[in-house]
Amino acid sequence: VQVKDIHPTGSSNPKHMTDVNGIVYFSADDGTTGRELWKSDGTAAGTVQVRDIYAGASSSNPESLLAYQNKLLFAAHENSTETPELWISDGSTAGTVKLATFNGGTSLEFMKWTIGGKQLFYVAYADRAEVWATDGTSGGTEKLADEDISFLIERY
């Protein structure tokens, strides 16, 4: 059953659906603000855009959505730079904030997430593969070592 017609004149093409405490987060295109972060509680009234991260008609293209400590971690573009940033959301516009910007590269992929204690460890590609960690705060998001681990990724 369709919950809400997000893009009345075309396809919203929802992607990356991820559950966080019974709320489904996903990326979708409403035809006005581009592909942005949305959430749904399963009702039409509760299906809303969380934030227009790349303001205007351009798309932030949220991807790599992951439930973490009752919030949502994801990668998105805030502007026309090629490198996406790491974001966290509590489901509100004001509570959707950037945790880290990955400078120096033309692409970034989040992969091989793993949780250890209260931290999330992940591999980020910005010119090379590097290990990062976050505790869900800007101050607690950092590159663990300035080492290229591409050879490990290729091997495993």
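Position 1 is the first residue of the sequence; numbering continues from there.
- Looking only at side-chain heavy atoms (C-beta outward), Leu66 and Leu120 come within less than 4.5 Å of each other.
- In summary, Glu78 and Lys98 engage in a salt bridge, as defined by a charged side-chain N under 4.0 Å from a carboxylate O.
- If you take CG on Asp30 and CG on Asp52, they are separated by 8.0 Å, rounding to the nearest 0.5 Å.
- Taking the side chain as every heavy atom from C-beta outward, Phe26 and Ser40 approach each other to under 4.5 Å.
- Asp135 and Gln119 get closest at one heavy-atom pair: CB-CG, 4.4 Å.
- Using a 4.5 Å cut-off on side-chain heavy atoms (C-beta onward), Arg51 and Trp87 make contact.
- Taking OG of Ser58 as the reference point, atom CG of Asn79 lies at 10.0 Å (rounded to 0.5 Å).
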side-chain contact (heavy atoms from CB on, under 4.5 Å) assessment of Val24 paired with Thr47: CA-CA 9 Å; Val24 176; Thr47 302; over 6 Å; no
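- In this structure, Asn21 CG and Lys71 NZ are separated by 11.5 Å, a value rounded to the nearest 0.5 Å.
- Cluster annotation: Val50 is connected to Ile23 through the hydrophobic network of ILVMFWY side chains, with a link wherever side-chain heavy atoms come within less than 4.5 Å.
- Listed for the Thr96 side chain is a donor-acceptor partner under 3.5 Å among the backbone atoms of Ser92.
- Panel note: side chain Arg35, backbone Asn13; a donor-acceptor pair is recorded below 3.5 Å.
- Nearest heavy-atom pair, Gly91 versus Lys39, reported as atom, atom and distance to 0.1 Å: O-NZ, 2.8 Å.
- Across all their heavy atoms, Ala28 and Ile6 have their closest contact at CB-CD1, 4.2 Å.
- At a threshold of 4.5 Å between side-chain heavy atoms, the hydrophobic network of Ile, Leu, Val, Met, Phe, Trp and Tyr places Met17 and Trp38 in one connected group.
- Formation of a donor-acceptor pair under 3.5 Å by the Glu142 side chain with backbone atoms of Thr134 is not found in this model.
- Between the Glu63 side chain and the His16 main chain, no donor and acceptor come within less than 3.5 Å of each other.
- The shortest side-chain heavy-atom distance between Phe74 and Ile53 falls under the 4.5 Å cut-off.
- Between the Ser59 side chain and the Asn61 main chain, no donor and acceptor come within less than 3.5 Å of each other.
- Linking Ile, Leu, Val, Met, Phe, Trp and Tyr residues whenever their side-chain heavy atoms come within less than 4.5 Å places Val97 and Leu86 in a single cluster.
- Ile88 is connected to Trp132 through a chain of hydrophobic side-chain contacts under 4.5 Å among Ile, Leu, Val, Met, Phe, Trp and Tyr, so both are in one cluster.
- Residues Leu73 and Leu99 approach most closely at CD2-CD1, 3.7 Å, considering heavy atoms.
- Leu72 is not listed as a side-chain neighbour of Asp90, based on a closest heavy-atom distance of 4.5 Å or more.
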